[in-house]
Participant: 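Submitted below is the structure of interest, expressed as C-alpha cells.
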Amino acid sequence: MTKQLITSALPYVNGLPHLGHLIGCLLPADVYARYLRQKGEDVLFVGGTDEHGTPSEVGAAKEGMDVAEYCKKYHALHKQMYDGFNISFDCFGGTSSDANKELTYRIFNGLDQNGYITEKITKQAYSADDGMFLPDSYVVGTCPYCGYEKAKGDQCEKCTKLLDPTELINPKSAISGSSNIEIKETKHLFLQLPKMQADLEKWIETKKGIWPDIAYTTAKKWLKEGLQERGITRDLKWGFPVPKDGFEGKVFYVWFDAPIGYIGITKECLDQKGEHWEDWWLNPDEVRHTEFMGKDNIPFHTVFFPASLRGSGEKWTEVSFLKGFNFLNFAGGKFSKSAQRGIFLDQAVAEYPADYWRYWLMANAPESDDTNFTIDLFAATINKDLNDVLGNFINRVLKMSEKNFGTHVPAQGTITTDETELYQTLNVLVADYVKYMDGLEFRKALASLREIWVAGNNYIAKTEPWKAAKTDLARAGTILNTGFNLIRLYALLNLPVMPTVAQKMLDILGLKPETVDFAGFDASSFLSFLKGGEAFTMTEPLFQKVTPERVEELKIKYKEA
RNA sequence: CGCGGGGUAGAGCAGUCCGGUAGCUUGCCAGGCUCAUAACCUGGAGGUCGUGAGGUUCAAAUCCCACCCCCGCAACCA
C-alpha cells in the first residue's frame, strides 16, 4: 500500500502563528491527514518550526536570551497553539536539531561531490558594533532616489525601487542603529541551479493539470525567468557550521536547511520510536508526498528544495502533490504581528471552540485568490451552517425521539420511497464529497458536506415525523431511526474537519471513530447501521451562535475597521 | 517597467481549459410548517459577468487585442 507522507510548511519560530498561518498550511494538512487516516491509509504527518536565520538571533538578543533557548521557548509555544487547534502531527520538531544537521551535511556533501557547489567572493555590509555581517534588509538608510530615510538595503518601501545596501546614504544597522558600517569582501558557497534547469523543467511539466494552478504556474514562472546560482551560506553565528575548509565561522543559509527539516524532524521522531525514516524519505516508489504551504513558499518547494535533493545523487522522496494557498487577509488588510492586527491562535480558541474556526477556515480556504476574514462573515457562517443547519438537525431528531420513544433509537421498520429518495440524494452528494477531498479541493468538499446536512433537514421537513407520531407511530420511528443514522453519518463525515464536534456526535450514540472509506458509499446499507433499540444520550445543542453583541465586541477587540 | 493571481447579483464564491439562453451560499421579500437553537422547507426579486456600441463567431463570462483597478512576487524578508 502507498504510504502517505504529509508535510505542512514550517512557520518561522520568531513570532507566533495567526489564522493566516493556520489556513495556509497547518489546518488543511491536518484535515487531509485525518481524512486519509480515516480511510485506513498509512499516514505520517510532519510539521514543526523553522529556527535558523537572522530574525532568531535578533529576537533572542532583544529578549536577552541564548538563541537556542529562545528557539526552544517559541517552539514550545507554537506546539501549544497547534495542540489547541487539534493539529494531529505524527512528528513535530525543529530545524536546528542534530538530526537535521546530519541530513543537511549529507545532502550538501552529495551536492558538492556532484559538482553543484561553487565558491564566490561577494561584498557585504559589516557592522563592527554588532560584530556581524548584515543581511541586506537589516541595513537601513536614506533612499538615494526618493530621499525616504527609512529605506531598507534591499528595497525602498516608499518608492519601491530595488536597492543595493551600498547605495544607501548614511547606512545604519537595523539591529543596533550603529552607523559604523563598512563593506567587506566575504566568500560564500553557491548552489548551481542553472545546471539543473532543464531537469527541473521536465519534472514540473509532469505536474501540469495535476497540481493546483497556483503551484504549477509559480514554478513555471521561476523556470521561465531562468534560474540563477543561489548562495547557501551566510556570515552568521546561529546555524549549522559549513563543513568545508576555508568556511570556518560561516553557517548554512536558513533556506537551505529549512526544507531539509522535514526529513530531519522525521528522523528525530522515528529514531525515538525505533522506526526507519528512510521508509518515508528514501522510498519514492512507495510514498506519496503531499506538501501544504502558502504561496510565498512555493518557489522554494518547487525549485530550490527539489534541486537540492536531485543534485545530491540519492533517490529522495520528492513532492508528489503540492497544495498551495493564497493569503488570508484580515478585514481587507494583512495580518500583522507588529501592528497587532488580526487574530492569533491563542486568542481564537479563547473566543470560540477550535472547530468553529476550523470549519470557517476550511469552508473559505483561499484556494483561488486571497480571502478576506471578517467577524461578520465568521458569525454568519457559524450561525447558519453549524447552528441552524447541522446543530438544529441533531437537536430536533433527539428531542422528537425522546418525547415519543424515550432514550433509545426507534426501530428502523419499513423503508418507503421517502427513504430511498434520500439514499439516492446522499449517494450523489457523498460521491461529490469524496471526489473533492481526494482532489484536495477543500472549499468544494465543504460545500458538499453542507449540502449533505441540508438533505437531512429536507428529509425531516418532507416526512413530517411530528405528524406521523400522532397517527402512525411506527412510521415516525422509521423517520427518526433514519435521523439517528444520519447523525452517525454526519459525525463520521465531520471527523477530519471538526474532530471534537464529531466525537461529541458519536458520544450521543455511544460510538467510537471508525475506519471508513466513503468511496463507493451506499446510503441504503450505511443508514441501516442502527437497527433500533440502541441507547442514546440527550445533549445540549452542540453549537452556540455568535450573537450580534459578541460581533460588536469582537470587532472592537480586534480592531476591525 | 516586468512576471503571476484576481476583477461574475448587497456580501462571499463557482462557472472560463473543451464558446451555446448566468449558477451556489448568505442577505432581502413572500409562502409552508410548527418537531427543533425565532430554527427548518419551498418560491420570488436582484447581475448588460472590470472597461472598450473593439476583434473572431450564427453564438463570448468563456477565445483574441487594448486599457483600468486590486493583491502578490521580483531570488540576503524563510
Side-chain angles (χ1 to χ4, degrees), chain A residues 9-14 50-56 95 122 124-125 133-139 152-155 160 162 165 188 193 209 213-214 217-218 220-222 224-225 227-236 253-259 261 293-300 303-304 326-327 329 332 334 363-364 366-372 374 376-377 380-381 383-389 391-404 443-444 447 450-451 454 456-462 464-469 476 479-480 483 540-545:
Chain A
L10 311 174
Y12 203 72
V13 76
N14 178 43
D50 180 9
E51 300 174 348
H52 288 138
T54 310
S56 282
T95 57
T122 62
Q124 187 148 12
F133 280 95
L134 299 172
D136 288 358
S137 61
Y138 280 82
V139 184
K152 290 185 177 179
D154 52 350
Q155 180 171 26
T160 75
L162 291 182
H188 281 294
L193 290 172
D213 280 351
I214 188 169
T217 56
T218 305
K220 284 291 278 188
K221 177 199 152 196
W222 276 54
K224 193 177 145 197
E225 288 175 356
L227 299 178
Q228 293 176 23
E229 59 180 19
R230 171 149 186 149
I232 59 166
T233 55
R234 294 288 182 276
D235 291 291
L236 298 172
Y253 172 43
V254 54
W255 257 115
F256 184 68
D257 65 62
M293 69 197 70
K295 60 183 170 185
D296 53 335
N297 268 266
I298 293 173
F300 298 93
V303 177
F304 194 58
N326 286 286
F327 291 142
N329 288 322
K334 287 183 183 177
N364 295 284
E367 289 178 312
S368 57
D369 194 7
D370 289 355
T371 292
N372 213 8
T374 66
D376 282 329
L377 287 172
T381 302
N383 293 346
K384 191 69 191 174
D385 292 3
L386 297 187
N387 284 273
D388 297 349
V389 176
N392 183 48
F393 171 80
I394 296 165
N395 198 236
R396 63 202 299 211
V397 169
L398 293 186
K399 291 241 170 101
M400 240 187 296
S401 296
E402 187 190 34
K403 187 174 166 190
N404 293 292
R443 260 182 124 118
K444 289 181 179 175
R450 202 195 110 102
E451 279 191 75
V454 169
N457 279 316
N458 221 325
Y459 167 75
I460 297 284
K462 196 174 165 192
E464 302 183 309
W466 53 90
K467 281 186 184 167
I479 296 163
L480 293 170
E540 289 302 299
L542 291 179
F543 302 100
Q544 288 182 341
K545 292 201 179 190

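Note on naming: letters A, B, ... go to the chains in the order of the sequence lines (proteins, then strands), and numbering restarts at 1 for each one. Just so it is clear, the values below take in all heavy atoms, side chains as well, and ignore hydrogens, waters and symmetry mates. Here the structure is a predicted model, which is why all the values come from computation and not from measurement.
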Participant: Distance check, P atoms only: B:A74 and B:G12, in whole angstrom units.
Facilitator: 27 Å

Participant: Can you list everything that forms a side chain to side chain donor-acceptor pair (under 3.5 Å) with A:Ser56? Sequence neighbours excluded, please.
Facilitator: A:Tyr12

Participant: For A:Phe256, which residues count as a side-chain contact (heavy atoms from CB on, under 4.5 Å) partner, sequence neighbours excluded?
Facilitator: A:Thr104, A:Ile107, A:Phe108, A:Leu111, A:Ile232, A:Phe252, A:Ile260, A:Ser308

Participant: Rounding to an integer number of Å, can you tell me how far A:Asn326 CG sits from B:C71 C1'?
Facilitator: 9 Å

Participant: Could you tell me how far B:A39 sits from B:U26 if I compare only their P atoms? Round to whole Å.
Facilitator: 13 Å

Participant: A:Asp235: which residues meet the side chain to side chain donor-acceptor pair (under 3.5 Å) condition with it, sequence neighbours left out?
Facilitator: A:Thr186, A:His188, A:Lys250

Participant: Strictly below 4.0 Å: does A:Arg230 bring a side-chain N or O up to OP1 or OP2 of B:A75?
Facilitator: no

Participant: Rounding to the closest angstrom, what is the interatomic distance between B:C17 and B:A61 at atom C1'?
Facilitator: 14 Å

Participant: For a quick check, with a 4.0 angstrom heavy-atom cut-off, what is the B/S/- contact string for nucleotides 35-41 of chain B, read 5' to 3'?
Facilitator: BBB-SSS

Participant: For B:C73, does OP1 or OP2 lie under 4.0 Å from any side-chain N or O of A:Lys220?
Facilitator: no

Participant: Among residues at least two apart in sequence or on other chains, which ones pass ring pair (Phe, Tyr, Trp, His ring centres under 6.0 Å) with A:Phe300?
Facilitator: A:Trp255

Participant: Can you list everything that forms a side-chain contact (heavy atoms from CB on, under 4.5 Å) with A:Lys384? Sequence neighbours excluded, please.
Facilitator: A:Asp388, A:Arg450

Participant: Please list, chain by chain and in numerical order, all residues satisfying side chain to side chain donor-acceptor pair (under 3.5 Å) with A:Asp257, sequence neighbours excluded.
Facilitator: A:His52

Participant: What distance, rounded to whole Å, do you find between the two P atoms, one in B:G54 and one in B:G72?
Facilitator: 35 Å

Participant: Within the sub-3.5 Å range, which N or O atoms of nucleotides 6-12 of chain B have a protein N or O partner, and how far apart are they?
Facilitator:
unit_1, atom_1, unit_2, atom_2, d
B:G6, O2', A:Asp369, OD2, 2.8

Participant: Take atom CD in A:Gln544; do more than 12 heavy atoms of anything else shown fall under 6.0 Å from it?
Facilitator: no

Participant: Could you tell me how far B:A22 sits from B:A45 if I compare only their C1' atoms? Round to whole Å.
Facilitator: 16 Å

Participant: Mind checking what makes side-chain contact (heavy atoms from CB on, under 4.5 Å) contact with A:Glu367, not counting sequence neighbours?
Facilitator: A:Lys323, A:Phe325, A:Ala365, A:Phe442, A:Arg443

Participant: Pick the C1' atom in B:U56 and in B:A9, then give their distance to the nearest Å.
Facilitator: 30 Å

Participant: Measuring only the C1' atom in each nucleotide, how far is B:U8 from B:U25? A whole number of Å is fine.
Facilitator: 15 Å

